[in-house]
Amino acid sequence: MNIVLGITGGIAAYKSPDLVRRLRERGAEVQIVMTASAEEFVTGTALQAVSGRPIRSNLWDKEAEAAMSHIELARWADIVLIAPSTAEVMARIVSGGAPDLLTTICLATEAPIALAPAMNHIMWSNPATQANREVLEERGIHIIGPGIGSQACGETGPGRMLDPDAIAATVFNLTGGKGQGLLEGRKLVVTAGPTREAIDPVRYITNRSSGKMGYAIASAAAAQGADVILVSGPVNLPEPPGLRVVNVESAEQMYAATHEAIIDADIFVSAAAVADYRPENAALQKIKKNEESMSLVLVRCPDILASVAALDSAPFTVGFAAETENVAEYARGKLEKKNLDMIVANRVGPDCGFDRDDNSATVLWSDGEQNFPVSSKARLARDLIELATQRFLAARGTDTQPRLSIISTKD
Ligand code: CTP
């Protein structure tokens, strides 16, 4: 697949070399076209090294135009992806202006165009930007993201450029392009996030899981070409592009949604922090504070992971173990007791594990283990998916029919 990757002047341009690598990993040819302001944030030297092609930036570069004119570039592209896309370039495309090489290509191409916006959240929410977004979408231009979260300016809100892996996966989905992902043709189910167990209509029992690890795993699997169903408890995360999300609240709902999704799955990854117990009877009306003390009777929730591993046609099943002590020992116990193919063990506590952007892990299987040092959850997720895929293929043989599910983990 031939991709013209437009890079415009936003701080998220520092992620561009990574995005180029993710696109090339899937077999794409990437021709970078930078705007003048993008050069303030990322060097052409780095981008040329990762793309393996000379960078284009100037509409009036006679030598480059002689080699491949802007019209030829516009025809060469199977898709034009602009990431990061500033508010300014969105406005310019809406207006039909073509003062530079990138916007000229946008006017001259018949290929699909996708933009991954990245800007301060107030700029993104500004009515002018939102009106431009609507016009672009009406014209069939794909808007990928943005994500919600902390921003380079120190503020929080919608406007972050999505993770390069997620953008790459979406681009391949948009074009129907088959890359060289490890999980092409495989189906994977991931559970993520906490569950909520109702006490009464306004109160519930939950835990500190943010869902970040499970979401990162689902994105990493989609980026490798898998057909992913993400069964998610209540989290405060944007829906990752390029996969199907089924939202649930309670452990029982997650159990039902997982068993519906698991049919034909090749790998199941159980990253959710599912409640072990729930109130026996949720009160139908709000409980009043009439008594000095009160007791709640808790009953066991179904163990989703163990139930999937026990299926006759169980997928390759990956569990998570969040422990505060004796991490590897307790995790190996769970691997055996629940009859899992693999378990990802990590330490949780006040300063590690939950609601953070980084994590470390030890992965255990029946006759081996591998340590992963602290890294971003996105990076760790990529490594875990690679390892799970290797173990899955080793366990089932490379000639298995595509059928992959992944287990959820506590994060
Ligand atoms: N899990 C599940 N359903 C449950 C409970 C847990 O699917 N009702 C899954 C989690 O997604 C995770 C793994 O099981 O993959 C965690 O195992 P578990 O034994 O539940 O861990 P803990 O709850 O930490 O167990 P314990 O409190 O006994 O340490």
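Ligands are counted one by one from 1 in listed order, and the atoms in each one are counted from 1 as well. Numbering of residues begins at 1 and proceeds along the displayed sequence.
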Compute the minimum heavy-atom distance from Pro302 to ligand 1 and say whether it is under 4.0 Å.
yes
Using distance alone, decide if ligand 1 has a nitrogen or oxygen within less than 3.5 Å of any nitrogen or oxygen in Ala272.
yes
Ile304-ligand 1 polar pair, N/O distance under 3.5 Å
yes
Considering residues, nucleotides and ligands other than Asn236, do more than 12 of their heavy atoms fall under 6.0 Å from its CG?
no
Are the side chain of Arg22 and the backbone N or O of Asp163 linked by a donor-acceptor pair below 3.5 Å?
no
List ligand 1 atoms under 4.0 Å from Gly319, heavy atoms only on the residue side.
15 (O)
Any sub-3.5 Å donor-acceptor pair from Gln130's side-chain atoms to Trp124's backbone N or O?
yes
Do Leu305 and ligand 1 have an N or O pair less than 3.5 Å apart?
yes
Looking at non-hydrogen atoms alone, which of Lys334, Arg278, Lys337, Arg300 comes nearest to atom 24 (O) of ligand 1?
Lys334
Any atoms of ligand 1 less than 4.0 Å from a non-hydrogen atom of Asp276? List them with their elements.
5 (C), 20 (O), 23 (O), 27 (O)
Got a donor-acceptor contact below 3.5 angstrom from the Asp165 side chain to the Ala220 backbone?
no
Thr129 side-chain N/O to Ser125 backbone N/O, donor-acceptor pair under 3.5 Å:
no
Backbone of Thr8 reached by a side-chain donor or acceptor of Thr86 within 3.5 Å:
no
If we only count N/O pairs under 3.5 Å, is Ala321 in contact with ligand 1?
no
Please name the residue in the list Pro84, Ser150, Pro117, Pro238 that meets the side chain to side chain contact (heavy atoms under 4.5 Å, CB included) test with Arg160.
Ser150
If we only consider heavy atoms of Lys338, is any one of them less than 4.0 Å away from an atom in ligand 1?
yes
Quick test of your reading of the structure: of Leu340, Leu335, Asp303, Thr324, whose heavy atom lies closest to atom 2 (C) of ligand 1?
Asp303
Got a second to check how far Ser250's OG is from Ile205's CD1, nearest 0.5 Å?
12.5 Å
For ligand 1, which atoms sit closer than 4.0 Å to a heavy atom of Ala275?
8 (N)
